[in-house]
Amino acid sequence: PRGALLPYGRTKALASNLVLEAVAAGLDAVIVSPTGIIGPGDWRPSRTGKLALLCARGRLPATVGGGFYFIDTRDVVCGMLLAAKKGRRGTNYILPGERASIAELMAMAGRAAGRKPPRLRAPFPLAWLGSLFLEQYHALCGGTPLFTRSALRIIRYDPEIDADRAQRELGWSSRPLAVTVRDTVAWF
């Protein structure tokens with residue numbers, strides 16, 4: 001938990017540790033750790049879903065540098081079912097999906113909707129300043145900001161994540177991100 005980049009990551013690490021303590025006491029459990037989830041059926045929509053939707057509607061003026069691993073909701077469900085059936089007790093299976101920059105993700109959303117993706121790329125300091133404003137605005141007025149300083153930290157960090165264990169031990173794989181984005185835009 002102390003090595004986690006963000007509070008959200010710390011809570012996930014603490015929860016995983018609690019599960020591992022219970023496994024040591026006899027619980028038969030595995031842990032599944034998906035990365036950035038996106039896909040059809042995003043009824044709320046999530047922040048990533050909102051970005052894709054704005055881009056598909058031609059209402060996203062710019063992207064920002066950095067990237068992350070995005071995983072289809074359907075592949076997360078499949079990974080969880082495989083982990084429940086084939087997973088080794090006390091093992092964490094990371095389900096990363098496919099790595100893409102934010103610009104690549106938005107280009108996929110634009111193509112899926114027949115629109116041109118944003119051509120502008122906001123400099124990181126400007127995006128950071130915008131996130132400060134958005135966080136304060138939504139703290140006062142309610143709602144959820146489209147992007148936050150935490151999200152910017154993660155995409156700027158752009159970690160390397162691999163799915164070797166889930167692929168090798170569970171037989172898990174993920175679909176291409178372009179298919180996920182196309183299906184997500186069609187669903188919206």
Side-chain angles (χ1 to χ4, degrees), residues 4-12 33-77 79 94-163 174-188:
L5 191 60
L6 303 171
Y8 177 72
R10 278 191 287 282
T11 62
K12 287 177 76 170
S33 300
T35 54
I37 301 171
I38 184 171
D42 187 3
W43 57 270
R44 190 174 39 175
S46 65
R47 284 190 179 118
T48 308
K50 283 180 189 176
L51 281 173
L53 185 57
L54 286 171
C55 188
R57 290 180 175 164
R59 295 180 54 207
L60 187 68
T63 63
V64 67
F68 198 62
Y69 287 79
F70 299 96
I71 180 72
D72 192 296
T73 53
R74 298 166 291 188
D75 295 332
V76 173
V77 171
I94 299 172
L95 309 179
E98 187 177 322
R99 190 232 171 261
S101 70
I102 301 304
E104 290 167 335
L105 185 69
M106 294 305 103
M108 289 177 204
R111 279 192 300 274
R115 295 192 182 268
K116 290 185 179 184
R119 291 186 309 197
L120 298 176
R121 188 177 193 178
F124 195 81
L126 182 60
W128 187 265
L129 185 62
S131 69
L132 288 169
F133 171 76
L134 286 172
E135 289 176 24
Q136 292 302 313
Y137 173 81
H138 287 286
L140 292 171
C141 299
T144 304
L146 184 57
F147 61 96
T148 63
R149 290 173 290 166
S150 295
L152 290 173
R153 278 189 197 108
I154 287 290
I155 64 170
R156 190 169 194 196
Y157 176 62
D158 198 5
E160 285 293 322
I161 303 171
D162 83 49
S174 63
R175 70 196 75 216
L177 183 56
V179 171
T180 298
V181 174
R182 180 199 67 207
D183 293 352
T184 303
V185 169
W187 186 84
F188 281 131

Side-chain atoms of residues 45-54: list all donor-acceptor pairs with protein atoms under 3.5 Å, sequence neighbours left out, distances to 0.1 Å.
from  : atom 1 : to     : atom 2 : distance (Å)
Ser46 : OG     : Asp42  : OD2    : 2.8
Ser46 : OG     : Gly49  : N      : 3.0
Arg47 : NE     : Pro145 : O      : 2.9

Name each donor-acceptor pair under 3.5 Å that joins a side chain in residues 103-126 to protein atoms two or more places apart or in another chain, with its distance.
from   : atom 1 : to     : atom 2 : distance (Å)
Glu104 : OE1    : Ser101 : N      : 2.7
Glu104 : OE1    : Ser101 : OG     : 3.4
Arg115 : NE     : Ala56  : O      : 2.7

Scan the side chains in residues 57-66 for donor-acceptor partners under 3.5 Å anywhere in the protein, sequence neighbours excluded, and list what turns up.
none

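Listed here is the closest heavy atom pair of Arg175 and Glu98: O-OE1, 4.5 Å. Residues Thr35 and Tyr69 approach most closely at OG1-O, 2.9 Å, considering heavy atoms. Of all heavy-atom pairs between Ser174 and Ile71, the closest is CB-CD1, 3.7 Å.
Rounded to the nearest 0.5 angstrom, Ile154 CD1 and Tyr8 OH are separated by 10.0 Å. The distance from atom OG1 of Thr148 to atom NE2 of His138, rounded to the nearest 0.5 Å, is 11.0 Å. Distance check, rounded to the nearest 0.5 Å: CG of Asp75 to CD1 of Ile37 gives 11.0 Å. Distance CH2/Trp187 to OG1/Thr73: 10.0 Å, rounded to 0.5 Å.
When the shell of 6.0 Å around CZ of Arg156 is examined, it contains 12 or fewer heavy atoms from other residues, nucleotides or ligands.
Under 3.5 Å, the side chains of Asp72 and Thr180 contain a donor-acceptor pair of N or O atoms.
By the 4.5 Å heavy-atom criterion applied to side chains, Leu129 and Phe133 are not counted as neighbours.
Ring orientation note: the planes of Phe68 and Phe70 are nearly perpendicular, at an angle over 60° on the 30°/60° scale.
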